[in-house]
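Written below as C-alpha cells is the structure these notes are about.
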Protein chains: 2
Amino acid sequence: MEKLDKRMEELLQSEGDLTEKQRNILAAATEMFAQKGFAATSTSEIAKKAGVAEGTIFRHYKTKKDLLLSIVSPTMLRMISPFILKDINKVLNQDYERFEDFLREMIKNRQAFLDNNLQVVKVVIQEIPFHPELRDQFIQHVGQKVYQRFSETVQYYQAKGQIADIPPATVLRNVSSVILGYFATKYIVAPVGWDEEKEIDELIAFLAKGLAPE
Amino acid sequence: MEKLDKRMEELLQSEGDLTEKQRNILAAATEMFAQKGFAATSTSEIAKKAGVAEGTIFRHYKTKKDLLLSIVSPTMLRMISPFILKDINKVLNQDYERFEDFLREMIKNRQAFLDNNLQVVKVVIQEIPFHPELRDQFIQHVGQKVYQRFSETVQYYQAKGQIADIPPATVLRNVSSVILGYFATKYIVAPVGWDEEKEIDELIAFLAKGLAPE
DNA sequence: ATTATAAGTGAGTAATCACTCACTAAGAAA
DNA sequence: TTTCTTAGTGAGTGATTACTCACTTATAAT
C-alpha cells in the first residue's frame, strides 16, 4: 500500500517538468485520440496539430502506443484515486450519517473530476477494449482496491440498517451503473433543460430506496 | 411507421441470399472488428481469415467502412426491434400485471438476443464513438422510437400506482443503466459462480423498489 | 449452345504508416 | 570558454494500407 501510494504520487505529479512542446504533444494527442480513436490517428497528424516535428514525438515516447499509455495510465489512476488513497483525499473517509450523504459527496467529487478531464476519460473508455494491458490495469485496480474499500463502506451502512442484506458486489454494480448512466446522459446525450440538482436528488432517492431493507 | 417496418424487415432478412464466401467475409470481419477494432483491422487480414482474395471483399462492399455498416446497421436495429415493432414481436405488447413481470420478460428476451449476437453488439458499442453516422442512427432510433414506446409503458404502470411520479426519461435511464450494468458484468467481468436466476431476481427487486411510489 | 450477368481472383498502385538518424540549437556544468 | 546533455528537427525508410482492374470462373437465362 505504501508502495502503491508512492507510485501513484509520482504518476499524478509527473506532468510538472514538461517542455511546452511536450505539453502540446500530449494535448494534441489527447484531443485526436478522443475524437478519432488511437488507431485512426497518425503521428504525423499529432505532430502537425502540436506544432512540432514528427521526430520530436519519438524523442519523448518510444512508440505511438507509449504515447497513449503516458496519457491514459495516470488518468485511470486518478479516476479511482479517491477510493484507494486514504490520506490525500479524505472525501470518502469521513463518516456520513446516511448512505445518501456518502453518495452525494462521491457524485459531486467525481463530477468535478470529470469536468476537468472529460477528454482523457473518453480516451480511456474508448481504448480499453482494444488494449489488454489497459484492461488488466483497470480490472486490477477497480476489481481489487476499489471493490475492497467500497465493500467496507457498504457493510458499514448495512450494519446501520440502511442497506438491505445484498452482496456488496451487487450494491457496487447497481450504484456504479446508475451513476455512470447519469454521467453518460449528462455528458453524451446532454439534454436541454438539464436540472442538475434535481437529477442528483432523484438519482440518490432512487438508489437509496432500491437498496433499502425490506 | 409502415415504411419503417418494411425497411426493418428488409434489413433483418437481408442475410439469406448470401454466398458462402460472403458469409465468410462477414464472419471474419465481425470477429476481427470485435477483437482489434475497425481501424486496426486491415482488409488483407479479413480476406486471409475469410479464405478469399482481397478483391472479393471490394466486389461486395465498396469500401471498408461499407463493410462495417453492413455488419453494424442491421444489428443496431435488431437490438431495439422489440421496442418498435408492434406486430412481429409481441413480447412487450402484452399487458403484464406488474411492472416487474414486464421487466423480467424484457431482460430474458434481450439476454437471448445477446447470447446469439455478442460479437456484433460488441462491435456496435466499440465503434459508435468513432462514427458519427452510427451515433446519429442510434440516437435517432433509441432517442425517438424506443423512448416513445417506453414512455407509454411507464405511464401505464404509473397510472396503476406501481411507479413513482418520475419523468419517464429518468425511469428509462435508470432501468437501462442497471440492466446494462448487469449485462456488462455477466459478459465482460464474467464472475465465477454467477447465479443467473438469483441475480435477475435481485436486479428486478432493486429496480421495483427504487421506482416504487413514496 | 450461346449469351449475359454476377462472383471471384491476385498482381499492381499511390498514399500513408510508424519510426530512424544524422544533424543543429540550447542550456547547464566544468 | 569548453564540454556535456537534452530538446528539437525533417528528410528518408521499408512496410503496409485501402482500393483498382483486367481477367477467369461459375450460374443462369435465352
Side-chain angles (χ1 to χ4, degrees), chain A residues 10 13-73 123 126-127 130-134, chain B residues 10 13-73 123 126-127 130-134:
Chain A
E10 274 176 36
Q13 300 172 354
S14 65
E15 286 179 17
D17 51 350
L18 297 184
T19 317
E20 194 191 331
K21 304 229 167 192
Q22 281 190 59
R23 268 181 273 116
N24 287 346
I25 291 172
L26 289 178
T30 301
E31 195 172 323
M32 309 213 61
F33 288 165
Q35 213 175 84
K36 315 176 33 175
F38 170 77
T41 303
S42 68
T43 49
S44 68
E45 284 176 294
I46 297 171
K48 195 178 168 189
K49 164 160 269 189
V52 302
E54 203 172 344
T56 308
I57 294 177
F58 293 96
R59 169 103 357 210
H60 299 289
Y61 309 96
K62 282 189 301 188
T63 64
K64 185 185 161 194
K65 184 151 197 169
D66 196 47
L67 171 59
L68 173 71
L69 295 180
S70 299
I71 291 171
V72 149
S73 283
V123 176
Q126 285 173 354
E127 296 302 332
F130 307 130
H131 308 274
E133 327 90 307
L134 287 185
Chain B
E10 273 176 36
Q13 298 171 354
S14 65
E15 286 180 17
D17 51 351
L18 297 184
T19 317
E20 194 190 333
K21 304 229 168 191
Q22 281 190 58
R23 268 181 272 115
N24 287 345
I25 291 172
L26 288 177
T30 301
E31 195 171 324
M32 309 214 62
F33 288 164
Q35 212 174 84
K36 316 176 32 177
F38 170 76
T41 303
S42 68
T43 49
S44 67
E45 285 176 293
I46 296 172
K48 195 177 168 189
K49 164 160 272 191
V52 302
E54 203 173 345
T56 308
I57 294 177
F58 292 96
R59 168 102 358 210
H60 298 288
Y61 309 96
K62 283 189 301 191
T63 64
K64 186 186 160 194
K65 185 150 194 169
D66 197 48
L67 171 60
L68 173 71
L69 295 180
S70 299
I71 291 171
V72 148
S73 284
V123 176
Q126 285 172 354
E127 297 301 332
F130 306 130
H131 308 273
E133 327 90 309
L134 288 185

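Numbers restart at 1 for each chain; the letters A, B, ... are given by sequence-line order, proteins then strands.
A:Asn24 places its CG atom 10 Å from the P atom of D:dT9, with the value rounded to the nearest Å. Between A:Leu67 atom CG and C:dC19 atom P the separation is 10 Å, expressed in whole Å. In this structure, the CZ atom of A:Phe38 is 12 Å from the C1' atom of C:dC17, given to the nearest Å. The separation between A:Ile46 atom CD1 and C:dC19 atom P is 11 Å, rounded to whole Å. Distance CZ (A:Arg59) to P (C:dC23): 14 Å, rounded to an integer number of Å. Atom C1' of nucleotide C:dC21 and atom CD of A:Glu54 are separated by 14 Å, given to the nearest angstrom. Nucleotide D:dT27 holds its P atom 12 Å from the NZ atom of B:Lys21, rounded to whole Å. Counting to the nearest Å, the C1' atom of C:dA7 and the CD1 atom of B:Ile25 are 10 Å from each other.
Checked options B:Leu68, B:Leu69, B:Leu67; the residue passing with B:Tyr61 is B:Leu67 (criterion: side-chain contact (heavy atoms from CB on, under 4.5 Å)).
Phosphate proximity of C:dT16 to A:Ser42: absent, as no side-chain N or O sits under 4.0 Å from OP1 or OP2. Distances shorter than 4.0 Å separate some side-chain N or O of A:Lys64 from OP1 or OP2 on C:dA18. Side-chain nitrogen and oxygen atoms of A:Thr43 include at least one within less than 4.0 Å of the OP1 or OP2 phosphate oxygen of C:dA18. Dashed line: the shortest gap from a side-chain N or O of A:Lys65 to OP1 or OP2 of C:dA18 is not under 4.0 Å.
Along DNA chain C, the nucleotide closest to B:Thr19 and the one closest to A:Glu45 are compared, and the more 5′ of them pairs with B:Thr19.
Put simply, CD on B:Glu54 and OG1 on B:Thr43 are 4.0 Å apart, with the number rounded to the nearest 0.5 Å. The CD1 atom of A:Ile71 sits 3.5 Å away from the OG1 atom of A:Thr30 when rounded to the nearest 0.5 Å.
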Check the pair B:Phe33 / B:Gln126 against side chain to side chain contact (heavy atoms under 4.5 Å, CB included), numbers first and verdict last. CA-CA 9 Å; B:Phe33 288 164; B:Gln126 285 172 354; over 6 Å; no
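Nearest to the side-chain atoms of B:His60 among the listed nucleotides D:dT9, C:dA18, C:dA7 stands C:dA7. Residue B:Ser44 has its side chain nearest to D:dT17 when only D:dT17, D:dA18, C:dA18 are considered. For A:Phe58, the side-chain atoms get nearest to C:dT20 when compared with the rest of D:dT9, D:dA7, C:dT20. Distance from the side chain of A:Ala53 is smallest for D:dG10 among the nucleotides C:dG10, D:dG10, D:dG8.
Residues B:His131 and B:Lys65 have side chains that bring a donor and an acceptor to within less than 3.5 angstrom of each other.
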